[in-house]
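Below you'll find the structure, written out as structure tokens, and then a few comments.
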Amino acid sequence: MSAKDTLYATGLPHTDFVFDDKVVAVFPDMINRSVPGYATIIAMIGTLAAQYAQPGTRCYDLGCSLGAASLSMRRSIKVADCEIVGVDNSEAMVRSCREAFAKDTGSIPVTVECGDILDTPIENASVVVMNFTLQFIDPKARDGLVKKIFVGLRPGGMLILSEKVRFEDPALNELFIDMHHRFKEQQGYSRLEISRKRAALEKVLVPETLSQHKSRLQEAGFFSYDIWFQCFNFASMVAIKSP
Ligand code: GEK
């Protein structure tokens, strides 16, 4: 486990959230204590990838951070001749992620690229993972990105898309935000830390509703898609390209 996340425990001046060295140093602790169900989602990404990875193809992890989803896929995929491609635009994340894979003994080749996923070609993919990454992309660029993923997937391939979401019903939206904050309190964050982090993420993380995500998947060309995991305002979806 990484160092404990206390980044918002002290009264730093307000700045928008960035994935820098300070965040990287505490990232596993931060994401596990902030995203309800994160460990389950990571484990099940491996289970889904084991089912959907096709021989001779690539499995992409877009916005890979420290490579948790890539590692889960590497441990679970059994088909021959697969390659895992992780991409992240934070140099600090990519440096640390490469170090983690240098120590890992899995046999599937893994490449970790430093770059913007909006510029990354997606080719010959059987599995594409965006685990809490699309929410950080400019909303205007999201349709094009999901379409690019659809085109780059082989027939029968799968997109796994996890996101923080919002709800159309204002009362439910407030309830789930509140429940998420209680979850964070149970994980040891103070109310002050929670509100400071919320302010730092406000302009950076733009959540959409589940219906917006579903419409985008449909528009991109996906035929089968649905939610396989949800806890409060955190959800993970699968979308399958027709065989
Ligand atoms: C996990 N998937 O542990 N291009 C590339 N990377 C980006 C971009 C972009 N345009 N925008 C943001 N990122 C991981 C967790 S974290 C989620 C993903 C979170 C990267 C950013 O640098 C960060 O590493 C990641 O997306 C989002 O399964 O922290 O809530």
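These figures come from a predicted structure and were not determined experimentally. Each ligand, and each atom within it, is numbered from 1 in the order the structure gives.
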Enumerate donor-acceptor pairs with a distance under 3.5 Å from any side-chain N or O in residues 226-235 to protein atoms, sequence neighbours excluded.
residue: Trp228; atom: NE1; partner: Ser236; partner atom: OG; Å: 2.8
residue: Gln230; atom: NE2; partner: Phe232; partner atom: O; Å: 3.1

N/O donor-acceptor pairs under 3.5 Å from side chains in residues 109-120, not counting sequence neighbours:
residue: Asp116; atom: OD1; partner: Leu118; partner atom: N; Å: 2.8
residue: Thr120; atom: OG1; partner: Asp116; partner atom: O; Å: 3.0

Note to self: Tell me which residues fall inside the under-4.0 Å heavy-atom shell around ligand 1.
What the structure shows: Phe19, Phe27, Ile31, Tyr38, Ile42, Gly63, Cys64, Ser65, Asp88, Asn89, Ser90, Met93, Gly115, Asp116, Ile117, Asn131, Phe132, Thr133, Gln135, Phe136, Ile137
Report, one line per pair, each donor and acceptor closer than 3.5 Å where one atom sits in a side chain of residues 171-185; sequence neighbours left out.
residue: Asn173; atom: OD1; partner: Phe167; partner atom: N; Å: 2.9
residue: His180; atom: NE2; partner: Ser34; partner atom: O; Å: 2.6
residue: Glu185; atom: OE2; partner: Arg191; partner atom: NE; Å: 3.3

Margin query: I'd like to know if the side chain of Thr57 pairs up with that of Asn124 as donor and acceptor (distance under 3.5 Å, no hydrogens or angles considered).
Written below: no
Margin query: Whether Asp138 and Arg142 form a salt bridge (side-chain N of Lys/Arg under 4.0 Å from carboxylate O of Asp/Glu) is what I want to check.
Written below: no
Next item on the list: Please tell me if the side chains of Leu217 and Phe223 come closer than 4.5 Å, counting only heavy atoms from C-beta onward.
Entry: no
